[in-house]
Amino acid sequence: MIKVCKFGGTSMADAKAILQVKSIIEADKDRKYIVVSAPGKRDKNDIKITDTLYKCYEDVKETGSCSERFALIKERFKGIVEDLKLDLDIDAILDKTEKEIISECSADFTASRGEYLSAIVMANLLGATFVDAAELIRFDSKGRLNDEYTDDIVRNRLDDVEYAVIPGFYGCDYKGKIKTFSRGGSDITGSIIARGTKADLYENWTDVSGFLVCDPRIVKNPQVIKQLTYKELRELSYMGASVLHAEAIFPVMKRCIPINIKNTFKPEDAGTMIVPSEKYTDSDSIITGIAGKKDFTVIFMEKSLMNSEVGFIRKVLSVVEHYGVCVEHVPSGVDTLSIVIESEQLKDGVLTEIVNGIRENVNPDFIHVIENISLIATVGHGMARRSGTAAKIFKALADKGINIKMIDQGSSELNIIVGVQNSDYENCIRAIYEAFILE
Ligand code: ASP
C-alpha cells in the first residue's frame, strides 16, 4: 500500500508542528512519499515564508540585493533547524540560495525556495531521500502542466526510491527554468505524485478537520463533510469552498485515487474523504454541501417565440464573447433567457455595451439588468435519488422571506443554484443549512 502525504504551511510552520508531522508519518509505514509546503503562519499576525520570498524578489528587481529581507528567511529556517537539532549545514544552503535568488532574478524561482528549503529540512529529519520537484514536474510552452510527460518522469524517477520528501508548489518549464503553480499549489504537487506513484491514497494534511458543509463564518460550527465525490468537490470549490486547491483533483482523477483531507493537529479526526464517484460512498444524505459567491449581474431578456428563432442564444452569447467576458449560467424559459455574469467583468461601461449589443443583435421585447446578486449552490448527488429537494430549498427560503431572483439546476441533478440579493446571502445559506442539516 502506498500513501502520498502533503503537509501544508501551518503543518510546517515551526519545529513543534514539524515534529508532529514526523510522528504522523512514522505512525504508518505506508506513508512513503511526502510533499511539503513552505513554512506558513505560526499565528495570525505572522508572515508566510512564500510572501516574504515574493518581497525578496521585488527587492532584487529594484536594488539587485535582498539581504535585509532574506535575513528573515534565514532566521526562520535556522531557528527550525536548531530547534530540531538537525545535523545540516543550513548556513551554507541559505547562503547559496540567496546568491541564486539574485542571479536568477525570477519571481517563480524565488517563491519556490520556501518549499525547496522546507523539503531539505524534512528529508533530513526523517532520514528520507530529497527529490527535487524540478526533476519531476514539467510545464509546456504555454505554461500548462505537461501532465502525461510529468507522470512518466515521476513514475520512472520514484520507482526505486522507497521513502522520499518532495517540495510542493513548483516544477520546471520547457526551458528548464523553475516555474510555480498558482498559490496553494503544493496540493497539486501531492496529487501529481500520488498519480505517478500509483498511490492507494492521497492524504492532504492541513489545519482543519476536512470540508465543512458550509462557511463557518456564516453558520456556527457546521458539520464536517464525511464523504465527497470528485464532482461534488468541483462544484463546491468552484463556488468558493477553499480547503483544497481547485485543480488538485485532476491528476488523481486519472487514476481514481481517493483524497483524505486530514488535520495535522487533530490526527484522530477522520476528516473528509474525497472519492471518485457515488459508487464509493455510503452516505445517504440528500445534500453534501452549500457554497456561494457574491456579486453577480443577471441580464434578463424576454422575446415572444424566442424558442423558434434559430440561433437566438448563440447570437446573445456572441455579444458577450466579443467583450471577452465569461458567462456563469444561462437559465432559460419558453420566451425568456437570463445570462449570469460576475459583476467584476462588467466594469468600465462593459455592461452597457453588452446590453446595447444584445438589443441590436436579437431585438428582445424586454431587457432588464439585475445587479448585486449572490449565487448559492446546494450540492449533492443525493438529490437525484429523491424528489422534493428543490421544493424544500424554496420553502426554506420563502419561510425566511427571501426572494429568489434566479434558479438553475444542472442536468446531472448534482446541484441547485439560486440567485438572491447580496443582502440575503448569509440568511439564504443559513436557511438551507437549517432545512437539510438541522431538520
Ligand atoms: N507556499 C505556497 C503558497 O503559500 C504554496 C503552498 O503552500 O501550497 O501559496
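Atoms within a ligand are numbered from 1 in the order they appear, just like the ligands themselves.
Comment: Asp28 engages Lys3 in a salt bridge, judged by a side-chain N to carboxylate O separation of less than 4.0 angstrom.
The contact shell of ligand 1, taken as protein residues with any non-hydrogen atom closer than 4.0 angstrom, comprises Ser37, Thr50, Glu115, Phe169, Arg183, Gly184, Gly185, Ser186.
Considering only residues two or more places apart in sequence or on other chains, Asn124 meets the side-chain hydrogen bond (donor to acceptor under 3.5 Å, both in side chains) condition with none of them.
Within a 6.0 Å radius of CG in Asp87, no more than 12 heavy atoms belonging to other residues, nucleotides or ligands are found. The number of heavy atoms from other shown groups lying within 6.0 Å of CD (Glu58) is above 12.
Residues Tyr170 and Asp132 have side chains that bring a donor and an acceptor to within less than 3.5 angstrom of each other. Side-chain contact, Glu104 with Tyr57: no donor N or O sits under 3.5 Å from an acceptor N or O.
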